[in-house]
Amino acid sequence: MVQRLIRCDATERLLSRQFPLIVCGMSGGAEFSIEEREAGGQRLLLSGPYLVSSIGAIDQDLDTLSGEIAEIDLSGVSEIDTVGAWIACRIARTHGSDIVGASERAQRLLKAVDAAGRGEYQEPPGLAWWQPIPAKTGEMVEKAQIGTVGVLDFLGQILIAVWSLLRQPSRFRWTAFVRQIELVGVSALPIIGLMSFLIGIVIAQQGAVQLEQFGAEALTINLVGRITLRELGVLMTAIMVAGRSGSAFAAQIGTMKLTEEVDAMRTIGISPVEALVIPRTLAAVIMMPLLGFYASVMAIIGGAVVGDLLLGIPFWTFLTRIEEVVPTYDLWVGLIKAPVFGLIVALAGCYHGMQVRGNSEEVGLRTTMAVVSAIFAVIVLDAFFAVFFTEVGWG
């Protein structure tokens with residue numbers, strides 16, 4: 001006759017002395033019992049659902065099992081998940097037991113859990129000394145390909161939305177456009193003006209120090225006028241707008257993606273590109289030439305202040321000479337580049353905002369990527385513009 005031994009809490013152990021057929025566990029939950037084998041040793045019989053939701057009642061009792069457990073019988077287990085399989089494998093490893101009576105599904109699960117517990121799944125070995133650079137290059141090429149396809153897809157969506165608005169101008173959101181004009185342009189005037197004024201002071205002061213060695217301090221006017229109207233005025237403005245408005249575009253649209261406002265727009269038939277992207281892009285394109293010209297004027301004023309205080313060039317004389325020594329095409333070079341830079345900054349911010357997925361950390365990551373990619377693209381394009389205008393005779 002098989003004698004059954006019970007392992008449970010204090011109350012159940014007391015009851016088991018009088019009622020040895022009691023099975024440990026809650027009725028309908030995970031249960032277990034122990035019986036003596038005729039061949040020697042003990043057999044642990046598991047029954048009921050061994051799931052994460054039901055195994056907690058007997059988990060501690062299973063941990064306190066002692067004695068020689070030769071077999072773990074799973075034939076009575078109705079359901080089993082990863083936690084139940086892990087418990088069975090843990091007991092088997094602790095007591096050196098064999099697991100028998102498992103169903104085909106349970107066997108697959110036990111095999112996977114046991115392999116993971118034995119450390120068979122290890123981190124791949126490190127790359128050879130010559131492999132990291134090619135591997136990193138390959139990753140960067142792949143990311144560049146994916147990014148290029150994504151940007152082209154985004155541009156296609158914008159073109160479709162523009163064509164739709166041209167056919168139905170009444171759908172254009174003037175309120176959003178005016179609001180973005182205020183945020184991108186009007187609100188940026190103080191910081192851009194201060195920055196440009198200080199840049200003009202630095203250029204004039206440092207240029208005067210160098211030109212003084214040749215007795216050509218008067219050429220400081222040429223230096224300040226040409227470099228600000230042609231290059232630094234627009235370039236520094238684009239960088240400031242990228243850091244200020246481009247990051248705001250990415251953060252705003254990215255947050256709307258996380259809160260599913262963009263999906264809600266699509267659900268009610270509103271195009272997110274028409275409502276969010278086009279007003280921001282158009283505002284940046286229109287305001288960038290105005291901000292660039294304003295920045296150049298403030299830089300020239302800063303240079304005139306230095307000329308008046310350090311070089312003995314009267315303030316109004318400095319401004320009058322600017323008109324004489326700076327070619328008109330320098331002004332046009334800056335004004336032509338400005339809307340292109342504005343388009344790049346707006347597209348970078350809106351594109352990365354629309355790519356936000358998952359969690360709030362992605363918003364910060366995409367905002368950083370928007371600023372970095374916009375500044376990088378602006379500087380690279382400025383170099384191409386410099387070569388192009390020199391070739392056409394506007395050097």
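All figures in this text were calculated on a predicted structure; none of them were measured in a lab.
- Taking the side chain as every heavy atom from C-beta outward, Val345 and Val378 approach each other to under 4.5 Å.
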task: Begin from the C-alpha positions of Gln168 and Ser170 and carry the test side-chain hydrogen bond (donor to acceptor under 3.5 Å, both in side chains) through to its verdict.
output: CA-CA 5 Å; Gln168 296 179 309; Ser170 59; over 6 Å; no

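- Two residues are said to be in side-chain contact when any heavy atoms from C-beta on lie closer than 4.5 Å; Phe32 and Leu45 fail this criterion.
- Of all heavy-atom pairs between Trp130 and Pro134, the closest is O-CD, 3.1 Å.
- The line from CG of Leu232 to CG of Asp382 is 9.0 Å long, rounded to the nearest 0.5 Å.
- In this structure the side chain of Ile227 reaches within 4.5 angstrom of the side chain of Ile203, judged on heavy atoms.
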- request: Evaluate the criterion side chain to side chain contact (heavy atoms under 4.5 Å, CB included) for residue pair Glu142 and Ile146; output intermediate values, then yes/no.
  value: CA-CA 6 Å; Glu142 182 181 9; Ile146 296 174; 4.1 Å; yes

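- Between Leu219 and Leu223 the shortest side-chain heavy-atom distance does not fall below 4.5 Å.
- Rounding to the nearest 0.5 Å places CD of Glu31 at 8.0 Å from OH of Tyr50.
- Nearest heavy atom pair, residue Pro49 against residue Ser54, reads O-OG, 2.6 Å.
- The two residues Arg171 and Ser164 come nearest to each other via the heavy atoms NH1-OG, 2.9 Å.
- A continuous path of ILVMFWY side-chain contacts below 4.5 Å connects Ile379 to Met195, so both sit in one hydrophobic cluster.
- For the pair Lys337 and Glu231, the minimum side-chain heavy-atom distance is below 4.5 Å.
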Taking distance alone, no hydrogens or angles, what donor-acceptor pairs closer than 3.5 Å link side-chain atoms of residues 314-327 to residues at least two apart or in another chain?
from: Thr320; atom 1: OG1; to: Trp316; atom 2: O; distance (Å): 2.8
from: Arg321; atom 1: NH1; to: Glu324; atom 2: OE1; distance (Å): 2.9

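- Put simply, Ile270 and Ile160 are part of two different groups of oily side chains (I, L, V, M, F, W, Y) that touch within less than 4.5 Å, one to the next.
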Side-chain donor-acceptor distances from residues 294-302 under 3.5 Å, at least two apart:
from: Tyr294; atom 1: OH; to: Leu189; atom 2: O; distance (Å): 3.2
from: Ser296; atom 1: OG; to: Thr228; atom 2: O; distance (Å): 3.1
from: Ser296; atom 1: OG; to: Gly292; atom 2: O; distance (Å): 3.0

- prompt: Do Arg244 and Met240 pass the side chain to side chain contact (heavy atoms under 4.5 Å, CB included) test, and can you show the C-alpha distance, the side-chain angles, and the key distance before you say yes or no?
  reply: CA-CA 6 Å; Arg244 186 180 178 277; Met240 287 295 296; 5.8 Å; no

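- Between Glu71 and Arg43 a salt bridge is recorded (basic side-chain N to carboxylate O distance below 4.0 Å).
- Shown here for Gly334 and Val234, the closest heavy-atom pair between the two residues is O-CG2, 3.3 Å.
- Scanning for side chain to side chain donor-acceptor pair (under 3.5 Å) contacts around Glu217 gives an empty result, with sequence neighbours left out.
- Criterion: ILVMFWY side-chain heavy atoms under 4.5 Å apart, direct or through other members. Under it, Met256 and Met369 are not part of a common hydrophobic cluster.
- No donor-acceptor pair under 3.5 Å is formed between the side chain of Gln180 and the backbone N or O of Pro279.
- Of the listed residues (Arg266, Met265, Glu261), just one forms a side chain to side chain contact (heavy atoms under 4.5 Å, CB included) with Asp263, and that residue is Arg266.
- To the nearest 0.5 Å, atoms CD (Gln42) and CD (Glu68) are separated by 8.0 Å.
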task: Could you walk me through whether Asp98 and Ile72 pass the side chain to side chain contact (heavy atoms under 4.5 Å, CB included) test, one step at a time?
output: CA-CA 6 Å; Asp98 296 327; Ile72 301 175; over 6 Å; no

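- Taking the charged nitrogens against the carboxylate oxygens, Glu104 and Arg108 do have a contact shorter than 4.0 Å, which makes a salt bridge.
- Ring geometry for Phe385 versus Phe389: interplanar angle under 30°, hence parallel rather than tilted (30 to 60°).
- Across all their heavy atoms, Pro272 and Val262 have their closest contact at CG-CG1, 3.7 Å.
- Residues Ala370 and Ala250 come closest through the heavy atom pair CB-CB, 3.9 Å.
- Clustering of Ile, Leu, Val, Met, Phe, Trp and Tyr side chains at separations under 4.5 Å places Phe384 together with Phe376, Val380.
- Without hydrogens or angle criteria, Arg280 side chain to Leu276 main chain gives a donor-acceptor distance under 3.5 Å.
- With a 4.5 Å cut-off on side-chain heavy atoms, Leu365 and Thr368 do not count as touching.
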- prompt: For Tyr329 and Leu229, what are the C-alpha separation, side-chain angles and deciding distance, and is it a side chain to side chain contact (heavy atoms under 4.5 Å, CB included)?
  reply: CA-CA 10 Å; Tyr329 59 74; Leu229 285 171; over 6 Å; no

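- Of the inter-residue distances, the one linking Leu110 atom CG with Ile99 atom CD1 reads 5.0 Å to the nearest 0.5 angstrom.
- Contact annotation: the side chain of Ile253 never approaches that of Val356 to less than 4.5 Å [non-hydrogen atoms, C-beta and beyond].
- Taking the charged nitrogens against the carboxylate oxygens, Lys257 and Glu362 have no contact shorter than 4.0 Å, which rules out a salt bridge.
- Remark: the backbone N or O of Ile69 is paired with a side-chain donor or acceptor of Ser97 at under 3.5 angstrom.
- Applying the ring-ring contact (aromatic ring centres under 6.0 Å, His included) test to every pair with at least one member in residues 197-244, sequence neighbours left out, gives no pairs at all.
- Using a distance-only test at 3.5 Å, with no hydrogens or angles considered, no donor-acceptor pair links the side chain of Ser196 to the main chain of Gly193.
- Judged purely by atom type and a 3.5 angstrom limit, Ser247 uses its side chain to pair as donor or acceptor with the backbone of Gly243.
- If you take CD1 on Ile336 and CZ on Phe388, they are separated by 8.0 Å, rounding to the nearest 0.5 Å.
- Remark: Tyr351 pairs with Phe154 by the ring pair (Phe, Tyr, Trp, His ring centres under 6.0 Å) rule, at least two apart or across chains.
- Of the inter-residue distances, the one linking Arg226 atom CZ with Leu331 atom CG reads 12.0 Å to the nearest 0.5 angstrom.
- A salt bridge links Asp59 with Arg90; the closest basic N to acidic carboxylate O contact falls under 4.0 Å.
- Looking at heavy atoms from C-beta onward, Phe249 lies in side-chain contact with Val184 at the 4.5 angstrom threshold.
- Residue Gln145 places its CD atom among 12 or fewer non-hydrogen atoms of other residues, nucleotides or ligands, all under 6.0 Å distant.
- A 6.0 Å sphere centred on CD of Gln60 holds no more than 12 heavy atoms belonging to other residues, nucleotides or ligands.
- In terms of modelled atom types and a separation under 3.5 Å, the side chain of Arg357 and the main chain of Met354 share a donor-acceptor contact.
- Taken together through direct or relayed side-chain contacts under 4.5 Å among Ile, Leu, Val, Met, Phe, Trp and Tyr, Ile191 and Leu291 form part of one hydrophobic cluster.
- Leu183 and Phe341 fall into different hydrophobic clusters, where Ile, Leu, Val, Met, Phe, Trp and Tyr side chains are chained together by heavy-atom contacts under 4.5 Å.
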